[in-house]
Number of protein chains: 2
Amino acid sequence: MPVYRKNMENKKQFIADSFLFTGISSSQLAELAEISHVKTYGRGEAVFFEGEEADGFYMVIEGKVKIFKLSMEGREQILHIFGRGEPFGEVAVFQGRPFPANAAVLGKGKLLFFPGPEFIRLVHGNPSIALNMLAMFSMRLRRFATQIEHLSLKEVPGRLASHLLYLSREQHNREQVTLDIPKGQLASLLGTSPETLSRIFAKMSEEGIIRLQGKVITLLDRERLEAF
Amino acid sequence: MPVYRKNMENKKQFIADSFLFTGISSSQLAELAEISHVKTYGRGEAVFFEGEEADGFYMVIEGKVKIFKLSMEGREQILHIFGRGEPFGEVAVFQGRPFPANAAVLGKGKLLFFPGPEFIRLVHGNPSIALNMLAMFSMRLRRFATQIEHLSLKEVPGRLASHLLYLSREQHNREQVTLDIPKGQLASLLGTSPETLSRIFAKMSEEGIIRLQGKVITLLDRERLEAF
DNA sequence: GAGAAAACTTGATTCAGGTCAAGGAAGGTT
DNA sequence: AACCTTCCTTGACCTGAATCAAGTTTTCTC
């Protein structure tokens, strides 16, 4: 079997496995595999910029993608981090408006790009895709709501504590969690500076709430973490 | 014509005029009018609380509704303020999960309540409602994204400036904008305290950027407002 | 595996804005 | 119109966290 055929099969399989496109017909699946194409990105490369025309959207195949805003002075706030199988940029495409934020890969990455018009046709003609999108958007609205809550009502230690407990839940509820992004990026996600985050990590270690070994964090005292 | 008939007609008309239910069939419209009912609320009364089972959702007929979170210490962060014709609580109903935040009316209010199960049936069976919801969710995701951006990357004066310019746009681009909510609530929406907001209003007045007369604010210097 | 480049930590300083406290202005109610 | 309540403003104080600076560790890359 020639290489491009194999790639096409992989691609089709990947699309079929994604949450967004579950329940789609086999012919539409083939069509999607036809029109989409894989793009690879180097360390930290930008995917798109805020304000750019949204000519299509992306899905993460490998690596992680951050969606972020920049202040005038260059400070960064990460809105979201997407991993394997997750689509991003669909809001802009669906609305036919420019991207509302920047996107860049963390480390290296491989993405699947879908041109916009085809996607819009698909959503309008395919109730199951619309419902999948509604489910995804609902999740994201909830996440954004808690992010707003944390930024406004919690101090940095509280936000970090929440995030650690969140990671623990994601990672099979173990006491031992592993950071999947650099600490500087975590700071940007929590709406603080690397320096402050570092200090708080240090303080929590001193107080015996966590144990910190590089990217591996042991949650020694869930009680006190939850109390933040 | 008996009173209840007239009310039913009004209700039906109101539902038909809403964005969420545009494109719905006349029979479904009648059904919605049948199952929904009007609720009235006194000054500042709660509509629902975070964590409550979502047995249905609401649409604003009269007044304004705030969706908000509370911190342990009782500080409030308003996530959203909804006005006439806007639905709220649908995310929770659609997901079949508890309400993610609290809701209360500002001043007095009149709401239309829709029981949940019927609504879910409707969304699943009616592509135009699903698409309308997608459009609404997209808008809200954008709004939340800018709210996160502002909370994290702008200081309070910048957030206030943005809000004033936003109000100006909403209110026919006049130089003269009118606050439609108490200043204390505005503070809670911008993620600050009434005291701080008051001080910043005072400073902006001194500097000749705005003129403040009760709830009416004149934007004297758009340039400088945009520069924040 | 050496050298370069990121990423992280720690210290010193500064400041935006939160909190407490108390007085003043509106607005609703009888 | 007088009352009460809610809302708003101003002052004094304090603290969480940003910033600047400099060193240290980790990690890429060749």
Side-chain angles (χ1 to χ4, degrees), chain A residues 42-45 63-64 66 70-78 104-108 150-161 178-206 210 212-217 228, chain B residues 42-45 63 66 70-78 104-108 150-161 178-206 210-217 228:
Chain A
R43 288 178 66 50
E45 202 180 332
K64 293 193 168 295
K66 63 175 174 185
L70 291 176
S71 74
M72 306 261 78
E73 306 83 37
R75 274 188 57 220
E76 172 190 278
Q77 171 68 42
I78 295 179
V105 294
L106 291 176
K108 297 174 181 174
H150 289 357
L151 279 173
S152 168
L153 301 177
K154 289 199 179 198
E155 317 198 319
V156 182
R159 293 180 224 157
L160 175 57
T178 305
L179 295 182
D180 51 352
I181 55 173
K183 293 202 183 105
Q185 295 297 298
L186 177 58
S188 167
L189 181 64
L190 299 180
T192 188
S193 64
E195 293 94 325
T196 298
L197 181 62
S198 189
R199 279 182 246 276
I200 291 168
F201 264 134
K203 190 124 143 263
M204 284 184 171
S205 297
E206 267 172 40
I210 60 173
L212 190 71
Q213 299 139 322
K215 293 194 145 337
V216 177
I217 299 162
F228 272 107
Chain B
R43 291 178 63 56
E45 201 180 332
K66 64 175 174 185
L70 290 176
S71 74
M72 305 261 78
E73 306 82 37
R75 273 188 58 219
E76 172 190 277
Q77 170 67 42
I78 295 179
V105 293
L106 292 177
K108 296 175 182 174
H150 289 357
L151 279 172
S152 168
L153 302 177
K154 290 199 178 197
E155 317 198 317
V156 182
R159 293 180 224 157
L160 175 57
T178 305
L179 294 182
D180 52 353
I181 55 173
K183 294 202 182 102
Q185 295 297 298
L186 177 57
S188 167
L189 181 63
L190 298 180
T192 188
S193 63
E195 293 95 325
T196 298
L197 181 63
S198 188
R199 278 182 246 276
I200 290 169
F201 265 134
K203 189 123 145 266
M204 283 185 171
S205 296
E206 267 172 39
I210 59 173
R211 171 172 280 304
L212 191 70
Q213 298 139 321
K215 292 196 145 340
V216 177
I217 299 162
F228 272 108

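On a predicted model such as this, the values are computed, not experimentally measured, just so you know. First the proteins, then the strands, lettered A, B, ... as listed; each starts at 1. We use all heavy atoms of the structure for the numbers below, so side chains are in, but hydrogens, waters and symmetry mates are not.
A/Thr196 contributes atom OG1, which lies 6.0 Å from atom CD1 of A/Ile200 (distance to the nearest 0.5 angstrom). One distance of note links OG of B/Ser152 with CD of A/Glu76; it measures 9.5 Å at 0.5 Å rounding. With rounding to the nearest 0.5 Å, the separation of CG in A/Asp180 from CG in A/Leu186 is 9.0 Å. Rounded to the nearest 0.5 angstrom, A/Leu106 CG and A/Lys108 NZ are separated by 14.0 Å. Atom CD1 of A/Ile217 sits about 4.0 Å away from atom CG of A/Leu179, to the nearest 0.5 Å.
Distances shorter than 4.0 Å separate some side-chain N or O of B/Ser193 from OP1 or OP2 on C/dG18. Note on A/Thr196: every side-chain N or O is 4.0 Å or more away from OP1 and OP2 of D/dG16. Applying the 4.0 Å criterion to OP1 and OP2 of C/dA7, one finds that A/Lys215 has every side-chain N and O outside that range.
Taking atom CG of A/Leu190 as the reference point, atom P of D/dG16 lies 18 Å away to the nearest angstrom. Going from atom CZ of A/Arg75 over to atom P of D/dA17 covers 12 Å, rounded to whole Å. Taking atom CD on A/Glu155 and atom P on C/dT19, their separation rounds to 9 Å, with Å as the unit. Rounded to an integer number of Å, the gap from B/Gln185 CD to D/dC8 P is 9 Å. In this structure, the CG atom of B/Leu197 is 17 Å from the P atom of C/dA16, given to the nearest Å. Atoms CG (B/Leu179) and P (C/dG27) sit 13 Å apart, rounded to a whole Å. In this structure, A/Phe228 atom CZ and D/dA17 atom P are separated by 11 Å, rounded to whole Å. Nucleotide C/dG17 holds its C1' atom 18 Å from the NZ atom of B/Lys154, rounded to whole Å.
Counting only heavy atoms from C-beta on, A/Glu195 has its side chain closest to C/dT9 among D/dC8, C/dT9, C/dA7. The side chain of A/Pro157 approaches D/dA17 more closely than any other nucleotide in the set C/dG17, C/dT9, D/dA17.
Residue B/Gly158 is out of contact with every strand shown, counting any heavy-atom pair closer than 4.0 Å.
A/Leu212 and A/Ser205 get closest at one heavy-atom pair: CB-OG, 3.8 Å. Nearest heavy-atom pair across A/Gln185 and A/Lys66 is OE1-NZ, 3.0 Å. In this structure, B/Phe228 and B/Met204 approach most closely via the heavy-atom pair CE1-CE, 3.6 Å. Across every non-hydrogen atom of B/Ala187 and B/Pro194, the tightest pair is CB-N, 3.7 Å.
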The dot-bracket string of DNA chain D, counting Watson-Crick and G-U wobble pairs with both distances under 3.5 Å, using [ ] for crossing pairs and | for pairs to another strand, is ||||||..||||||||||||||||||||||

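For DNA chain C, the residues of residues 198-206 of chain A within the heavy-atom distance limit of 4.0 Å (strictly under) are A/Ser198, A/Arg199, A/Ala202, sorted by number.
DNA chain D is contacted by both B/Leu212 and A/Val156; B/Leu212 maps to the nucleotide lying nearer its 5′ end (nearest heavy atom per residue).
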